[in-house]
Each structure stands twice: as structure tokens, then as C-alpha cells.
Q: 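Pasting in a structure now, in C-alpha cells, and then I'll have a few things to ask.
A note on names: the letters A, B, ... follow the listed sequences, proteins ahead of strands, and every chain is numbered from 1.
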Amino acid sequence: MPMYNPKEIEPRWQKYWEEHKVFRAADVSDKPKYYILDMFPYPSGSGLHVGHPEGYTATDILARYKRMRGFNVLHPMGWDAFGLPAEQYAIETGTHPRETTQKNIATFRRQIKMLGFSYDWDREVDTTDPKYFKWTQWIFLQLFDTWYDAEQKRGRPIAELPIPAEVEAKGPDAVAAYRDGKRLAYQAEVPVNWCAALGTVLANEEVVDGKSERGGHPVVRMPLRQWLLRITAYADRLLEDLEPLDWSHSIKAMQREWIGRSEGAEVDFRLAENEETIRVFTTRPDTLFGATYMVLAPEHALVKRITTARQQTEVDEYRAATARKSDFERTEIAKKKTGVFTGAYALNPVNGKSVPIWIADYVLVSYGTGAIMAVPGHDERDWEFAVQFKLPIIPVVLPPQSWLQATDVYRLLKEQLAESQSDGRQVPTMSPGGMQVVQKATPLWDRLGQDLGKVVEQLYRNHIQLFSEAYTDEGTAINSGPFDGLPTAEFKAQITRWLEERKQGQRKVNYKLRDWLFSRQRYWGEPFPILHEQGGRIRPLDVSELPLTLPELDDFKPSGKPEPPLGKATGWVQVTRDGKTYLRETNTMPQWAGSCWYYLRYIDPKNDKAFCDPAREKYWMPVDLYVGGAEHAVLHLLYARFWHKVLFDRGHVHTPEPFQRLVNQGMILGEMEYTGFKNNGTWVSPTKETPPGLETVRLDEDQVEKSGDSFVLRENPKVRVEARAYKMSKSRGNVVNPDEVVDEYGADSMRLYEMFMGPLEATKPWSMRGVEGVFRFLNRVWRLFVDERGDSVKLSDQVKDVPPDKDTLRKLHQTIKKVTLDLDAMSFNTAIAAMMELSNVLTRHESRSRSVLETFVLLLSPFAPHLAEELWLIMGHGKTLAHEPWPPFDEGLTREDEIEVPVQINGKVRGKIVVPADIDQASLEKAARADDKIQALLAGKTIKKVIVVPKKLVNIVIAG
RNA sequence: GCCGAAGUGGCGGAAUGGCAGACGCGCCGGACUCAAAAUCCGGUUCACGCAAGUGAGUGUGGGUUCAAGUCCCACCUUCGGCACCA
């Protein structure tokens, strides 16, 4: 009974591939290279998830395809194995994270191998392997040894940093401190997100809604000495170099937004009372004349010095309250603005007017200068604040009429006008605000020729308080002294020059991007290769001392204080060098570190002299295609690009960008679920906000039916039910385990289904029935070759050494063409559909041409490699098909002899004609007109126009 | 609120401005079978009709065009990201 048996076939071929090293990438080769990379996984304890193999299958298909197209393909896999869960588990059970990690890696490796991916396993990397993180530490030392030369726009060795004479004069300590302050890896006392439950500091991006991303524990802000990486120095280059990359528009947009470049000016406001100045950043220097107050962030250093005695208590209280709030709370309660007056005043540099200085938590200390000039007329936040605290509002930008006429003021006056013209009756009810508008408008009415537009404009100029919101776009300057009448852009340029001439301001570019908080108070991470001398001097380890491995610990429990657990390893921490005693850095690197450069290590994974051999780097880089989940759209990709640029500046890699093309696979959701709702036992339809406390009932597919736009209960069609697929999660119980799928249908079916579900980049629900569908397809393919009724596995008698008939040959070449073009476009689902069509055609034939079947196997082989290898073997080939040339197609053979062309009358299909494929335009029109049905419909009508699209259609336009 | 992606049969989805629904699932009918499963063949957007057919139809409303799922404008919904960034 030689049935298709993936359980037997698949392990056998996996063993063959491994033993024969079929997928080894040559380090040097005359062939063109193709580097195709997957985002390597974090080997979690729960094993592989069906989401992982989606991207891996896509890249594997392409890797196999590219090999057949004659490329030397680099397709590696590895493990991003440092991470919190293993340490969390160690804290709970005392198991060493290394042990947990190795176990998890073994599971992942087994699961990934079971799917038959063509990885070059000799290149496997593991970020927790000292042979690997030796070079992670080495790259950190490169960052430590680099400063950013803003003039040359590149990172340079710290030894080349010019030391100012006055620093030099203060001695070697001052010079060292100066250097340390310029390095790309530097220490600073920064307010960090301290998570007591995890016993660690989290990066901003690891904090979601004021809670830790992992575990959902509360997070508070506290100042701590930390390592930071000066990624902000590279902000401009990270932005500019994004442009030419072949990445999706949306990922580029997300990165751009994250970097958040904004152009504007820094302006200095002198204090009224003393010599202090407050520097603010603004993107709208053209609104300076409308600055009626200033706001400092509560944490701003100047607050202490400027607060007057009278306001002291209030300010202190406000500052204390702010410090207690997490970032989350600060934004949560953002609906209503809060703040207090400091008692101090500053002088507006453009007109010398005195403006009050407030503090408020809507100003962030970490952006710009931590202080703003408030222009309530033209900034929404300032408007709200000014209304709240009754601060003056001065309009300095005249909005266009289109905006003015969309305001409540305009609408109100218009209504008023209509009322009075109709019967002169008083408007029965009018708000006090409305009354005011009318009252202010009345004297203007006759003076401005009863022009409503002019009246509203005049009201805007003189009574801006009547309006309900700030106008924040560009317009024409008003109330701005000599600058009146200038359009915004021109004004900005002029005022910036004006400020620069008076040394009161300058052009300035700001970024949302912050320096990267690079240290963690954890055990399971790369130790920093840094020694601390008493007195604060730091000394990097020598390259020869790398790798610096982790000390063994008895327990991994956090101290509950911000001190990292490595501090417990006293023997490890104390070091003597050249007779001096040093303390090792006890922070460790974050999980991102290892993943920032792994793609380089794959190129030369065993090198112990360098992170990567330069000649090999030159051959393989950049990565031609990088595939992974969109969750890494910003951080991983931004961090990796940053490290790559530093390595580039320091001459270690030859491309400024690591990943030429990036594709994000979509998420795979659980199976579609139907949910009904019951209230006290009675079925109810869900509403927009379904009240809590309703009983939810999982419904079977045949209990529901479609009615209009929604699904309803079959037994009671008045009751709507919810139909949707959810994210897979343990708690929902809708997780699909690849082991089970492979066990039941085999790896080839799993692979094929993952690709057949829909476009790679789309989010799509899983369906076990769908897996069964592709499994049936593979069974049909098997039966094309093998007679299942025979006693042993051998080629079916129906396969004959005969040339194919014309139709089959055409279908074959059409399929080759379709599959080839679809692979190049990564449209895997339609390529599979094309192969299904071919197999459907072949199934119908009693006898099958051997040459057609051979070509078909080659087409199928990247998708279902095990089955394809087996069939190739059955056809009598002695070795793997992995390096067989990809079948070419003959364009001439794909063409049909006859085609069916629709004939339309006024755009509606009214008939179809069969004509020779190479028919000329005139004959096609003639044939269309000659068709019986068409003639009948045309009888007695006037033809206005005939459109003939060669080989496509004829459209006859008639009158009436 | 802002940015991005997407809305097509019962479901997943397919369609260089040129026959909407390829392919698969599900369902219906038939063949094979004592029967079932598996397999093979046929049908399957909806409405009306015995049928030939007719009409409607790609989130909604407008527009461009001989022709719109596809292009333009406005809006709605869902998903992803960002969110007091001055």
C-alpha cells in the first residue's frame, strides 16, 4: 500500500540533507551570492508557534529557489537566547538560566529541523555562547572607543577627539572625563523605569501603559547610574539612509516617526529679575509675538532658582506630586491640564514684554530643552492651559477664510443672520458665549459692509477668546510688529535670522529619539567589559581578555534594590590590574545586544580572530532579504542599523546599511470563533459596548448563519453573534502547535498551508480544514506518480516516456511562468494555486508524460521539498534535486491558439466569441458584430463608438 | 487625536483600468461501495425563474471613463503603530 506517507519520507530526507551537507553555503564562490535571513527566535519555553514557520517557510522556499537559479545562498538560523524568562524561571526554581536556555534551544532546533528548512546548520549561532558574545563585547568596546564627529558626520576613534586647551590644562583626569562624555557608550545618571517586581530597569519601549511589557508589573521612575548608547548622534543618518531601502512604506514611516525629526529654533528668554536665561525649543518661531507665558517641565533645573518665596510651597507640592506619578499616570490624567505659577517672569526677546513662568507636567523634561514658550493662540495644549488658568491669548497668525468659516463663531452668526432676515424674531435660546459673539459682531456689521467673512476675521483679530480652539496651521502674520503680513514660512526664516544676529536664538533640529538605555540589572545577559577605578575613572578590558564570562551564582534572586545580581559575585567583581584594584561593571547588556549583529556572525561563525572576516563580509553583505515579524519594526531594526553604521564608520563593514530588503510577515490568528451572548439565559445581540456580566457562549459553525452584514443565530435570526478570529494565546486556548500539525499531515502540508493561506504580509486566521486541503493536494500529486494499488512504491504505469500533447505542454509552460514570476514577487499563495491547476489537468489524463512530471516536481520542490525529493528519486534520479536548474519557460508555448473574447454593449457583457489568438483589431471587431446575439441586440440601434482592446474585449457603445 | 494597512461569496482568498469571485475549504448532486470512509466527476455570489434568462453585486456616498474591486474626493468600520514631542 504505497500511500503518501510523510512520516516515513520526511525524516529520511532531512537526514539525507544533513549528512550530505546539501545546503552548505560556500564561503568563497564564483556564483552570485544571495543572503536570505530570518529574524532568529527567542527560544521560549513554550516551543515553536505556528507564527514562526510562516516567515521561515517563505524564506526557505526562496532559498531553495535561488539555489536552483544558480545562486550561492546563505540561509542560516540561530538563537537570540539571552532574555528575561529564563532568568525569571531561575529565580523561581534555582535552575541555571543556561540550562533552561539550552533545553529550550534543543526543542526549537528539533521543531525547526522537523519542518525541513534548508538552513546551513554549520552556521548556527547562540547569543549566550561565550564564543559569540565575546564579539558582542568587542563591538561594545568599539562603541566605547568611538565619538561622533558632527562636522564629518561620522564616528571616529576616541584618540582622534580634539581636546580643548582649557580641558588639557586641567590635567589627565579632566581629559579622561572629557573623553568619557563624548563616547558613543557613556554613563549617566538618568531617571529610569524601575520595576521592583522584576528587579530591573526597563527601557521606555519595554514599558507599556506604565507597566512592564513582560508580566505587567508596575513601573516607577527613579534616577540611577546607567550605560547609554548615543544613538541620537546617528539620528539624521538613520533617517536619511532609510530612503533608498527596499522596505515597506509603513515600516519606514514607523521608523521615521520614532526618530521624530523636527525643525525649528532655540530661543533664549532672559529673566526679568536676574541674569538667568531660559532656553526653549519651538517649531514655530514665527509665533514669538504670541508667547504670553512660559512653561518649564516640573523637573527643570531652573525651577529651584527662579521660584519666588511666595510660590515656593505650591511649586514644591506640584513637583512632588509629579514625581510620584508614573509616565502612564501623567498622560492618563492628561485630559485636564495642571500647573502652577513660579512667581517669576521672563522677557519676550522680540518685544521685551514680561511673561509669567509656570511649571506644568504637560511639558516633558526629556524633549527639547524641557521648557517652552506658550503660544495659546496657535497651539492646542497651550490654548487649553491658557483657558484653564485664564492667561492671555494673542492671535499672531491669521487663518485662511476656509478655516474661519468652519468655526462655531461663523456658523452662529450665519444662523443669526438667517433668523433675523426671515421674520426678525429673536433667537429663543442662546448660550452666554453666543450672546457675546453677537454683541461683539454687531458694531462691526455695518462698518465692514455686512461681509460675514470680514466680520469673523475682525473678531479673530480682536476677540480670539470667542473661538473654541487654537489655529495651528500656517497663515499670515498679524500682531507681530514689523513682520506683519508675512506668510508663515517666510516669517520663520526671517525671525530665525533676526534672533541669530542678536545672539538670542538659532536654528535647531530636534528628535524624539532618545539615547538608548543599554544596561540592565540582570544576571542573564552579556557582562560589560568595563572596570571601575575608585574615583570614577573607567577602563575597558583589553580585547585579549574577552570574552568576559558570567560568574556562577548560587541564587539568582534580585536584591529588590536596583543593585544588579552580579554584585553578589564578590570574587568576580574585584579585579587587580597593574597593582590597582578595580570593580567590574555589574550591569549586563539588554537582550537587543546580541541581535544587533548576528547577521554578521553567520557569515563567519567560527572565527576567533575577528567578529567576521573582511573578505567574507564583503562577499555576503548586505542581507538581500530579511523576513520577520512587524513587532521588530522599530527597535530591533533601528538598533541593528545603528550598530552597523558605527561598524561602518570604523571600517569593519563595507555597507552603510545591513538589510537591503525587508518583508514583514503578518500575524497568524487562531481559528474563526463564533460567540453568542446571553443575559439571564436569554440570547442578546452584542452592541458597541457590550455590558459586562453577559454570559458568552462558544457556538458551532452550523449554529449560525449569515444575515446581511453580520452573523445571526440559526435558531433565532434576530440575535446577532460575534464572528472573528483572535490572536493565538494560551489563555484563549486557541494556540496551534506545529508538532501536532506535522504529526497529522506532515511538514510539507504545514509548509504549503502556511503559504497558501494568503499573502505573506497579511494577518490571517488559521484553519485546520485548510491544512487538510493542501494535504489532499499533495496526495493527488503523489498519485500522479505512484500507483497506490501496487505492492511497492514504484512509478505508475500511467507515466510514459512520451512527449506531452499540445494543451498539456501549454499548461505546463503557463505554470512554470506563473510560479517563476510569483516566486520573484513572493506571491506564494497564487504560485501554489497554479500548481494545483496543473495537477488537476494532469490527473484527468490517463497517461502522463514523464518530462512534464519531472518539471512539475522541480516546480514543487521549494514548497514541498520532502515529497519532491521522494518523487525525484522514484523517477530514477540518483541524487538530490536541490541543485537542479530551475525549469525555464518558453513564452511562445504559453500562448493559446484560440481565445474567448467578451463582447460588451454599453459596458455590459452580452456575448462571447471565440477567435484566433493572433486576430487583428479590425477582424475582431468584425467578428464581434457578426455574432448572432450581438446582431440581434444591435438591430435598429445607432452605434456611437466601438472600443476594441486587442485580445481582451470589444465594447460597442450605442445610443439610447 | 495623528500615522499606516485593510474592507470582495458561508470561510481563506484571486483579479497589468477590460468577462469579479482563479485556487482551496465548506456545502449540494452523481460515480465507485453491501455500506461507510477515501477517491473521482459535476455544481455552488445573491434575488427572481422549471428553464433559456433577467436584474443586482467588491464597506458607504459622490466623481472621472466607452469601461472602476482597481483611479480621484468625502465618509464609515476593523487591525497595527504613535500619542501632551512644543
Side-chain angles (χ1 to χ4, degrees), chain A residues 3 248-254 256-258 260-262 264 280-284 287 295 330-331 334-335 337 360-364 366-375 378-382 384-385 472 510-514 630-631 633-634 664 666-667 669 671-672 701-702 704-706 709 711 723-725 727 752-753 756-759 761-774 776-777 779-780 783 788 827 829-837 840 843-844 900-909 911-912 944-947 949 951-958:
Chain A
M3 279 167 49
S248 79
H249 174 79
S250 64
I251 298 290
K252 283 192 196 177
M254 278 162 75
R256 248 181 251 125
E257 200 173 292
W258 194 266
R261 184 181 198 273
S262 68
V280 302
F281 173 71
T282 175
T283 55
R284 293 295 298 269
T287 60
V295 186
R330 261 173 92 154
T331 48
K335 282 148 204 151
K337 295 264 181 296
D361 64 4
Y362 82 90
V363 173
L364 307 176
S366 49
Y367 184 78
T369 61
I372 62 154
M373 64 176 206
V375 184
H378 306 287
D379 180 284
E380 282 170 39
R381 297 147 300 181
D382 296 344
E384 281 175 41
F385 193 83
T472 57
N510 246 313
Y511 301 92
K512 276 199 255 182
L513 182 71
R514 313 285 158 77
E631 65 272 25
V634 177
N664 288 111
M667 207 192 331
L669 305 173
E671 297 247 1
M672 170 86 107
E701 205 185 328
D702 46 9
V704 300
E705 61 186 8
K706 185 103 179 211
D709 285 340
F711 279 86
R724 54 171 293 196
K727 231 182 202 171
L752 212 57
Y753 176 64
F756 189 59
M757 290 170 86
E761 292 169 84
T763 301
K764 44 212 176 271
W766 184 268
S767 157
M768 271 306 176
R769 278 184 183 149
V771 185
E772 206 158 318
V774 295
R776 287 209 283 257
F777 163 64
N779 272 284
R780 274 201 299 280
R783 286 194 300 271
E788 278 192 304
S827 301
N829 53 334
T830 49
I832 294 167
M835 290 188 287
M836 285 174 168
E837 283 188 55
N840 289 344
T843 305
R844 279 181 217 126
E900 194 187 57
V901 175
V903 182
Q904 299 181 332
I905 293 178
N906 286 352
K908 296 202 175 193
V909 179
K912 287 175 187 180
K944 292 209 312 204
K945 196 174 179 181
V946 180
I947 286 112
V949 184
K951 296 183 184 187
K952 289 285 186 188
L953 113 171
V954 178
N955 186 11
I956 302 170
V957 185
I958 59 175

Q: Reckon Lys706(A) touches a base, only the sugar-phosphate, or nothing at all at heavy-atom distances under 4.0 Å?
A: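 The answer is sugar-phosphate, as Lys706(A) gets under 4.0 Å only of primed atoms, P, OP1 or OP2.
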Q: Within the 4.0 Å heavy-atom criterion, would you say Ser767(A) contacts the bases, only the backbone, or no part of the nucleic acid?
A: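 Nothing, no heavy atom under 4.0 Å.
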Q: Nearest of A14(B), G18(B), C23(B) to any side-chain atom of Thr830(A)?
A: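 Among A14(B), G18(B), C23(B), the one nearest the side chain of Thr830(A) is A14(B).
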Q: Would you verify whether the NZ or CZ of Lys337(A) falls within 45 degrees of the ring axis of Tyr362(A) while also being under 6.0 Å from that six-membered ring's centre?
A: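 Judged by the rule (NZ or CZ under 6.0 Å from the ring centre, within 45° of its axis), Lys337(A) counts as positioned above Tyr362(A).
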Q: For the side chain of Lys727(A), starting at C-beta, report the closest nucleotide among C41(B), C40(B), G80(B).
A: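 So the nucleotide nearest the side chain must be G80(B).
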Q: Counting only distance, no hydrogens or angles, is the base of C84(B) paired donor-acceptor with the side chain of Lys337(A) under 3.5 Å?
A: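 Answer is yes: a donor-acceptor pair is held.
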Q: Expressed as a whole number of Å, how far does the P atom of G81(B) sit from that of G10(B)?
A: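 Roughly 31 Å separates the two P atoms.
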Q: Considering every strand and a 4.0 Å limit on heavy-atom distances, what is the contact class for Phe711(A): base, sugar-phosphate, or nothing?
A: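 Answer is sugar-phosphate: Phe711(A) comes under 4.0 Å of backbone atoms only.
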Q: Judged by each residue's nearest nucleotide on RNA chain B, which is more toward the 5′ side, Lys512(A) or Met757(A)?
A: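 The residue whose closest nucleotide sits nearer the 5' end is Met757(A).
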Q: Compare side-chain N and O positions of Lys945(A) against OP1 and OP2 of A67(B) and report whether any pair is under 4.0 Å apart.
A: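 Negative; the distance criterion is not met.
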Q: With a 3.5 angstrom cut-off on both distances, give the Watson-Crick or G-U wobble partner of C2(B), or none if there isn't one.
A: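 Partner of C2(B): G81(B).
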Q: Which part of the nucleic acid, if any, lies within reach of Gly773(A) when heavy atoms closer than 4.0 Å are counted: base, sugar-phosphate only, or nothing?
A: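 Counting heavy atoms under 4.0 Å across all strands, the contact made by Gly773(A) is with sugar-phosphate only.
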Q: The side chain of Gln904(A) is closest to which nucleotide in this list: C25(B), C19(B), U16(B)?
A: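 The answer is C19(B), which lies nearest to the side chain.
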Q: With both distances kept under 3.5 Å, what pairs with U44(B), Watson-Crick or G-U wobble?
A: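 When the pairing criteria are applied, G26(B) turns out to be the nucleotide that pairs with U44(B).
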Q: Output yes when at least one side-chain N/O atom of Ser262(A) is less than 4.0 Å from OP1 or OP2 of A86(B), else no.
A: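 Yes, within the criterion.
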Q: At 4.0 Å (heavy atoms only), tell me whether Val949(A) reaches a base, stays on the sugar-phosphate, or touches nothing.
A: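 Base, at least one base atom sits under 4.0 Å.
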Q: Considering only the C1' atoms, how many Å lie between U78(B) and U8(B), rounded to the nearest integer?
A: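 Here U78(B) and U8(B) have their C1' atoms 15 Å from each other.
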Q: Out of G4(B), G24(B), G18(B), which nucleotide sits closest to the side chain of Asn955(A)?
A: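 The closest nucleotide is G18(B).
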Q: Would you mind classifying the nucleic acid contact of Lys908(A) as base, sugar-phosphate or nothing, using non-hydrogen atoms under 4.0 angstrom?
A: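 Counting heavy atoms under 4.0 Å across all strands, the contact made by Lys908(A) is with sugar-phosphate only.
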Q: Please work out if Arg780(A) contacts a base, only the sugar-phosphate, or nothing of the nucleic acid, heavy-atom cut-off 4.0 Å.
A: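 Counting heavy atoms under 4.0 Å across all strands, the contact made by Arg780(A) is with sugar-phosphate only.
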Q: Can you check the distance between A38(B) and A52(B), where both ends of the measurement are the P atom (answer in whole Å)?
A: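 It works out to 32 Å between them.
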Q: Please compare Asn779(A) and Gly370(A) by the position of their nearest nucleotide in RNA chain B and report the one closer to 5'.
A: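 Its nearest nucleotide lies further toward 5', so the answer is Asn779(A).
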Q: Going from CD1 on Ile956(A) to NZ on Lys945(A), what distance comes out if it is rounded to the nearest 0.5 angstrom?
A: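 So the gap between those two atoms works out to 13.5 Å.
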Q: Expressed in angstrom and rounded to an integer, what is the separation of Ile251(A) atom CD1 from G81(B) atom C1'?
A: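 Rounded to the whole Å, the gap is 9 Å.
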Q: Is any side-chain N or O of Asn829(A) closer than 4.0 Å to OP1 or OP2 of A14(B)?
A: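 It does, given that an N or O in the side chain of Asn829(A) lies less than 4.0 Å from OP1 or OP2 of A14(B).
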Q: Grab the CG-C1' distance between Asp379(A) and C84(B) for me, whole Å please.
A: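 About 9 Å, once rounded to whole Å.
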Q: U77(B) and A67(B): how far apart are their P atoms, nearest whole angstrom?
A: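 My reading of the P atoms in U77(B) and A67(B) gives 32 Å.
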Q: Should the heavy atoms of other residues, nucleotides or ligands under 6.0 Å from CD of Glu380(A) be counted, would the total exceed 12?
A: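 No - once you tally the heavy atoms of other residues, nucleotides and ligands closer than 6.0 Å, there are 12 at most.
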Q: Taking atom C1' in both U44(B) and A37(B), compute the distance separating them and give it to the nearest angstrom.
A: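 That atom pair is separated by 24 Å.
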Q: Now, which nucleotide makes the Watson-Crick or G-U wobble pair with G18(B), with each of the two distances under 3.5 Å?
A: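 Base-paired to C66(B).
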Q: Considering only side-chain heavy atoms of Glu900(A), which listed nucleotide, A86(B), G81(B), C19(B), is closest?
A: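 Of the candidates, C19(B) comes closest.
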Q: If you look at every strand shown and take non-hydrogen atoms under 4.0 Å, does Lys764(A) touch a base, only sugar-phosphate, or nothing?
A: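 It contacts sugar-phosphate atoms only.
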Q: Between C84(B), C23(B), A86(B), spot the one nearest the side chain of Asp361(A), thanks.
A: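 Given the options C84(B), C23(B), A86(B), the side chain of Asp361(A) is closest to C84(B).
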Q: Could you tell me how far G80(B) sits from C27(B) if I compare only their C1' atoms? Round to whole Å.
A: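 Nearest-Å result for C27(B) against G80(B) at atom C1': 35 Å.
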Q: Quickly work out the Glu761(A) CD to G80(B) P distance and round it to whole Å.
A: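 After rounding, the gap between these two atoms is 17 Å.
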Q: Give a yes/no on whether any side-chain N or O of Asn840(A) is located under 4.0 angstrom from OP1 or OP2 of C41(B).
A: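 No, no such contact exists.
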Q: Could you please name the option among G80(B), C79(B), G12(B) that lies closest to any side-chain atom of Phe756(A)?
A: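 Looking only at side-chain atoms, Phe756(A) lies closest to G12(B).
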Q: Looking at the angle O4'-C1'-N9-C4 for a purine or O4'-C1'-N1-C2 for a pyrimidine, is G9(B) syn or anti, with syn meaning within 90° of 0?
A: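 Because its glycosidic torsion lies within 90° of 0, G9(B) adopts the syn conformation.
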Q: Under 3.5 Å, is there a donor on one side chain and an acceptor on the other for Arg780(A) and Thr843(A)?
A: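 There is no such pair (donor and acceptor under 3.5 Å, judged by atom type) between the side chains of Arg780(A) and Thr843(A).
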Q: Using a heavy-atom cut-off of 4.0 Å across all strands, would you classify Glu257(A) as base, sugar-phosphate, or nothing?
A: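 Glu257(A): base contact, heavy atoms under 4.0 Å.
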Q: Just name whichever nucleotide pairs with U39(B), Watson-Crick or G-U, keeping both distances under 3.5 Å, else none.
A: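 By the stated definition (distances under 3.5 Å), A31(B) pairs with U39(B).
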Q: Closer than 4.0 Å, any side-chain N/O of Arg776(A) to the OP1 or OP2 of A38(B)?
A: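 Checking A38(B) against Arg776(A), no side-chain N or O comes under 4.0 Å of OP1 or OP2.
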